[in-house]
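For reference, the structure discussed in these notes is given below.
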Amino acid sequence: MTQDQTTGPDAAAENPAPWRPSRTVAVVLAGGTGTRLGLGIPKQLLKIAGKPIIEHTLAVFETAPEIDEIIVLMATGHVDDAKQIVEKAGLRKVTKVIEGGDTRNATTRIALDAVGPADCNILFHDAVRPLLSGRIVRECVNALWTYDAVDVAIPSADTIIQVDDNDCITDIPVRSRLRRGQTPQAFRSPTIREAYRIAQDDSNFAATDDCGVVLRYLPGTPIKVIDGSDENIKVTHPVDVHLADKLFQLAAAQAPRLTDHRSYSEELTGRTIVVFGGSYGIGHELTELAHRYGAQVFPFSRSSTGTHVERAGDVEAALTTAFEATGRIDHVVVTAGILEKGALAEMDEETMDRVLQVNFVGPVTIARQALPYLQQTKGQLLLYTSSSYTRGRARYALYSATKAALVNLTQALADEWADVGVRVNCINPERTATPMRTRAFGEEPEHTLLAAEAVAQSSLDVLISDLTGQVIDVRRAPGDGPTPTGPAQSVPAQSGPARVEAPAGASTAN
């Protein structure tokens, strides 16, 4: 058990009794049914960012060095579902998945029985708070060296009012003293056991908050409050699903960058990468970079190999070429795409069809053809979008629509292919300095453009990561111009049109 026994200067207890817990147990409360979300399954089983919510939550405790054991209290009738998630994800710290009670206090009692009688630290956490940070876990555990009970909360950004039965204001508490409670809530096991022992003699007892039980039935016990985070939201209402998904993009999808050439070579040597749209811009830079690191890279495009991404026969021929040469395909990258600017009402049918075929039918065709190969290697499909997917732009109607479709395709396929181990991600670069962008938009100030090499590097980082279902925004580092003088920032966001490669003669957006 790894625990930091240092305490901060605000420690309240003087000469605290020595506390020697046998272990630290995270109890994940997963008893919700999803009624308010209008689901047919418990909300903790809903998939966000390519994984069930509960899997994200369990992974936080699995990777936290302060946690020795995880116990899951699951909704009635869904224990087997949770066990399958645990087994598939290889969550070794999970020792028990058991059915919770009909009420919160019944569930806590079941959890305490499951933990056993030995003195230990216990953290109770909502399964549907999947964006819990390791920092919060660490601070909760550390605080238990000094305090018997610990809560997590954040300041209230809103003024809180108190009303009477007629909904008339009776009081407005001072906001600086108010907090919004989150989880986990952490306890020394004797403290929470004693609070519930006393509570059982109260006929009006109904727990909705374990710190509240300690506060009410052990009133002399200080409860330390540590800072939570705005991202540690509870997925309760339909809008929370959307918010959590976006927060994962913002907080969890930064691809780790390796430290040196040797590390990349160790990761990529022996891998096979197929790049559709590999003749120019980002596709070309990615091809060159991956090749230098030892990967076997096969670039295809309309201009260099006569490959039309929207034609199933061309795509299959390209994949077959790579597979027959190396015996495997680890990654398939699709940078091919075109931008035709102009009012939709004035666009001829041939142009519209070309945009739709290359920008959307092409990636769909590639995805379908690539799956059998990627399934063998547990590989990844990498697509490219643009900031215009979040808001359609005048004279970019079809381009914006197809880029939005690619984001939906990414998230849907990440979910659909999770069971076979194939990852799907989408890169969203800022405006990138390429000859094709210049052809489409003319000369632009260099300091406003991202280098194609930087996007290629970030794309490579995503390919060798474990990410799936993510839209990763690649932005210029502060002060960077179009040359790769510093690393690009790979953080999911939604700004900056994406780099795409067009067939010969087409305009390109970036």
Side-chain angles (χ1 to χ4, degrees), residues 25-64 67 70-86 88-89 91 93-94 96-108 110-111 122-134 136-137 140 151-154 180-186 207-212 228-252 411 415 418 469:
V25 183
V27 175
V28 176
L29 305 172
T33 59
T35 302
R36 279 175 283 187
L37 286 176
L39 301 173
I41 60 172
K43 55 190 174 182
Q44 57 271 24
L45 298 179
L46 181 69
K47 287 188 177 181
I48 292 178
K51 299 178 183 178
I53 290 175
I54 192 173
E55 183 177 340
H56 288 292
T57 303
L58 293 173
V60 176
F61 293 111
E62 179 77 18
T63 58
I67 301 300
I70 304 169
I71 296 175
V72 180
L73 277 295
M74 192 61 189
T76 301
H78 294 278
V79 170
D80 288 343
D81 294 327
K83 286 182 176 179
Q84 290 175 11
I85 291 170
V86 168
K88 181 180 177 181
L91 300 170
K93 290 184 181 179
V94 178
K96 298 176 183 177
V97 180
I98 56 181
E99 194 170 280
D102 295 333
T103 62
R104 174 60 182 269
N105 50 320
T107 296
T108 298
I110 293 171
I122 305 176
L123 280 70
F124 293 98
H125 184 67
D126 299 323
V128 288
R129 291 187 187 270
L131 286 144
L132 173 67
S133 70
I136 293 176
V137 174
C140 281
D151 204 353
V152 175
I154 59 175
R180 293 161 50 202
Q182 300 183 332
T183 63
Q185 293 183 333
T208 58
D209 178 278
D210 292 310
C211 279
S229 71
D230 290 329
E231 292 78 16
N232 186 23
I233 67 171
K234 185 177 182 180
V235 179
T236 303
H237 302 286
V239 68
D240 299 327
V241 177
H242 175 76
L243 291 175
D245 193 58
K246 295 306 176 185
L247 286 170
F248 266 108
Q249 293 177 17
L250 291 169
Q411 295 168 335
D415 190 351

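Excluded from the calculations below are hydrogen atoms, water molecules and symmetry mates; all remaining heavy atoms, backbone and side chain alike, are included. When a residue number appears, it is its place in the shown sequence, counting from 1.
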(message) I'd like to check Leu73 versus Ile98 (side-chain heavy atoms, cut-off strictly below 4.5 Å). Are they in contact?
(response) yes
(message) Restricting to non-hydrogen atoms, name the atom on Gly100 and the atom on Ile110 that form the minimum distance, rounded to 0.1 Å.
(response) C-CD1, 3.8 Å
(request) To the nearest 0.5 Å, tell me how far Thr107 OG1 sits from Met74 CE. (result) 12.0 Å
(message) Using 30° and 60° as the class boundaries, would you call the ring planes of His125 and Phe61 parallel, tilted or perpendicular?
(response) perpendicular
(message) Between Val86 and Val97, does the side chain to side chain contact (heavy atoms under 4.5 Å, CB included) criterion hold? Intermediate values first, please.
(response) CA-CA 9 Å; Val86 168; Val97 180; 4.3 Å; yes
Give every donor-acceptor pair under 3.5 Å between a side-chain atom in residues 75-82 and any protein atom, sequence neighbours left out.
unit_1, atom_1, unit_2, atom_2, d
His78, ND1, Asp81, OD2, 2.9

(request) With rounding to the nearest 0.5 Å, note down the distance linking CZ in Arg104 to CZ in Phe124. (result) 7.5 Å
(message) With rounding to the nearest 0.5 angstrom, report the CG to CD1 distance, Leu29 to Ile71.
(response) 11.0 Å
(request) For Ala186 and Cys140, work out which heavy atoms get closest and say how close. (result) CB-CB, 4.2 Å
(message) Measuring only between side-chain heavy atoms, which start at C-beta, is Ile70 closer than 4.5 Å to Leu91?
(response) no
(message) Could you tell me if the side chain of Leu58 sits less than 4.5 Å from the side chain of Lys93, heavy atoms only?
(response) no
(request) Please round to the nearest 0.5 Å and tell me the distance separating atom CG of Leu131 and atom CD1 of Ile53. (result) 9.5 Å
(message) For a quick test of reading the model, state the closest non-hydrogen atom pair linking Ile154 to Ser229 and the distance between them.
(response) CG2-N, 3.3 Å
(request) Answer yes or no: is there a side-chain heavy-atom contact under 4.5 Å between Gln411 and Asp245? (result) yes
(message) For a quick test of reading the model, state the closest non-hydrogen atom pair linking Val60 to Pro130 and the distance between them.
(response) CG2-O, 4.2 Å
(message) To the nearest 0.5 Å, what is the distance between CD1 on Ile48 and NZ on Lys43?
(response) 11.5 Å
(message) List the residues meeting side-chain hydrogen bond (donor to acceptor under 3.5 Å, both in side chains) with Gln185, not counting sequence neighbours, and say none if there are none.
(response) Asp151, Asp209
(message) Nearest 0.5 Å, please: how far is CD in Gln84 from CD in Glu55?
(response) 12.5 Å
(message) Which heavy atom of Lys47 sits nearest to which heavy atom of Ala418, and what is that distance?
(response) NZ-CB, 4.1 Å
(message) Checking side-chain contact (heavy atoms from CB on, under 4.5 Å) between Leu132 and each of Val152, Thr183, Val137, which is the one that passes?
(response) Val137
(request) Specify the closest pair of heavy atoms between Ile54 and Ala30, including all atoms of both residues, with the distance to one decimal. (result) CD1-CB, 3.8 Å
(request) May I ask you to test the Leu45-Ile85 pair for a side-chain heavy-atom distance under 4.5 Å? (result) yes
(request) Applying side-chain hydrogen bond (donor to acceptor under 3.5 Å, both in side chains), name anything that partners Lys96, two or more places apart in sequence or on another chain. (result) none
